[in-house]
Amino acid sequence: MEIATIKGETRKTGGKHTNKRLRHRGQVPAVIYGHGQEPELVSLSLHDTVLAIEHTAHVISLKIESQERQYLIKDVQFDHLQKDPIHVDLMRVDPNERVQVKVPIELRGTPIGQAHGGNLVHVITELDVECLLLQIPDDIRIRIDHLGLNDALHVKEIELPSNVNILHEPDDIVAVIHPPRGATAAEIEAIHEAAEAAAEPEVIGKGPKEDAEGEGGE
Amino acid sequence: MAANMPKRVKYRKSQKGRIRGNAGRGNTVAFGDFGLQSLEPGRVNARHIEAGRVAATHYMQREGRIYVRIFPHKPISSKPLETRMGKGKGETDHWTALVKPGTMLYEIGGVEENVAKTALLRVAHKMPVKTRFVVRRHSV
């Protein structure tokens with residue numbers, strides 16, 4: 001696991017106006033909490049933070065002046081377009097502490113079922129795992145070449161190192177190959193005709209007679 | 001074209017309203033791997049939504065899966081042609097979805113990125129709002 005280094009500064013005041021000014025200066029407001037200590041307000045470099053998030057970093061090394069410490073990224077808030085981070089929550093952790101994190105699942109290979117016209121549906125894209133801070137896997141790669149039509153990959157089939165615990169139910173489905181949708185052109189036409197026949201929705205709380213009366217007038 | 005509208009409504013007509021603010025929900029890629037996100041506020045009506053869905057399905061040749069994340073809940077009324085003003089509000093003409101900046105319009109899963117990108121570009125041409133292509137981001 002690679003640990004990204006992020007430059008930061010301490011900040012004394014919070015509030016939306018101060019934070020807005022920080023964001024204009026290329027900084028991201030952040031808070032450090034945990035281990036029963038008082039929360040600290042800091043700001044991080046936007047560029048470093050975006051790079052760390054893009055590389056799915058869970059742990060970062062925060063460098064403030066000459067001090068450098070490791071923290072767990074607990075939460076990241078994004079703007080309405082989900083483009084830029086607007087706030088980061090960092091948590092104090094010990095290297096020997098067990099933490100709960102989400103790890104992305106990467107499916108490798110082309111399933112046999114897909115060659116027969118099936119559709120691959122990736123149900124669980126991130127796995128909740130519990131492990132030591134410095135042993136968080138970057139991603140979980142699973143080969144799915146063997147999956148045929150209607151076959152599913154379950155959580156219990158995923159192999160992970162012994163010190164990494166999966167927090168999902170063993171029977172949860174990770175990915176499934178759905179058979180091709182077999183609706184013929186005639187069936188689709190029939191559905192469309194039925195939908196067009198119902199040109200107006202039913203009004204809740206009104207009987208058909210009252211509804212017809214309500215529509216009178218020019 | 002399928003009539004895309006609610007099955008039951010509480011009121012047959014609604015006031016015009018305004019679209020204010022940005023999308024605070026429905027703005028992430030939640031079901032598929034790639035998405036088409038709105039960049040401006042606007043009304044996407046049932047015909048736009050259906051045209052976009054058909055364009056994507058046609059390009060993808062039934063491969064992968066398309067998720068339509070918006071639904072036309074709002075009735076838009078209009079008066080018949082050559083009618084004098086007054087005599088009450090016109091009848092419902094069409095149904096529309098109100099879209100804010102950030103709203104995820106469509107999602108695609110189970111295909112390669114280049115296929116999804118081309119399919120969603122074709123969808124984007126049908127949309128009455130500016131859009132952008134987005135890829136699912138993993139949470140921490």
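None of these values were measured; they are calculated from a predicted model.
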The complete set of side chain to side chain donor-acceptor pair (under 3.5 Å) pairs with one or both residues in residues 113-128 of chain A, sequence neighbours excluded, reads Lys102(A)-Asp128(A), Thr125(A)-Arg136(B), Glu126(A)-His138(B), Glu126(A)-Ser139(B)
Lys117(B) side-chain N/O to Phe34(B) backbone N/O, donor-acceptor pair under 3.5 Å: no
Using a cut-off of under 4.5 Å for heavy-atom pairs, which of Pro104(A), Gly117(A), Ala175(A) has the most such pairs with chain B? Pro104(A)
Using modelled atom types and a 3.5 Å cut-off, is there a donor and acceptor pairing between side-chain atoms of Asn27(B) and backbone atoms of Ala23(B)? yes
Taking every heavy-atom pair that is under 4.5 Å apart, which of Pro6(B), Gly32(B), Gly64(B) has the most such pairs with chain A? Gly64(B)
For Val121(A), is it the side chain, the backbone, both or neither that has a heavy atom under 4.5 Å from a heavy atom of chain B? side chain
For Thr83(B), is it the side chain, the backbone, both or neither that has a heavy atom under 4.5 Å from a heavy atom of chain A? neither
Counting only non-hydrogen atoms closer than 4.5 Å, does Leu72(A) touch chain B with its backbone (N, CA, C, O), its side chain (CB onward), both, or neither? neither
Is the backbone of Val44(B) close enough, under 3.5 Å, to the side chain of His48(B) for a donor and an acceptor to pair up by distance? no
Applying ring pair (Phe, Tyr, Trp, His ring centres under 6.0 Å), can you list everything that pairs with His73(B), at least two apart in sequence or on another chain? Phe71(B)
For Lys74(A), is it the side chain, the backbone, both or neither that has a heavy atom under 4.5 Å from a heavy atom of chain B? backbone
Measure Asp75(A) against the heavy atoms of chain B and call it side chain, backbone, both or neither at under 4.5 Å. backbone
Is the shortest distance from a Lys or Arg side-chain nitrogen in Glu202(A) or Lys7(B) to a carboxylate oxygen in the other one below 4.0 Å? no
Looking only at Lys10(B), Glu63(B), Arg132(B), Arg65(B), most heavy-atom pairs under 4.5 Å shared with chain A are made by Arg132(B)
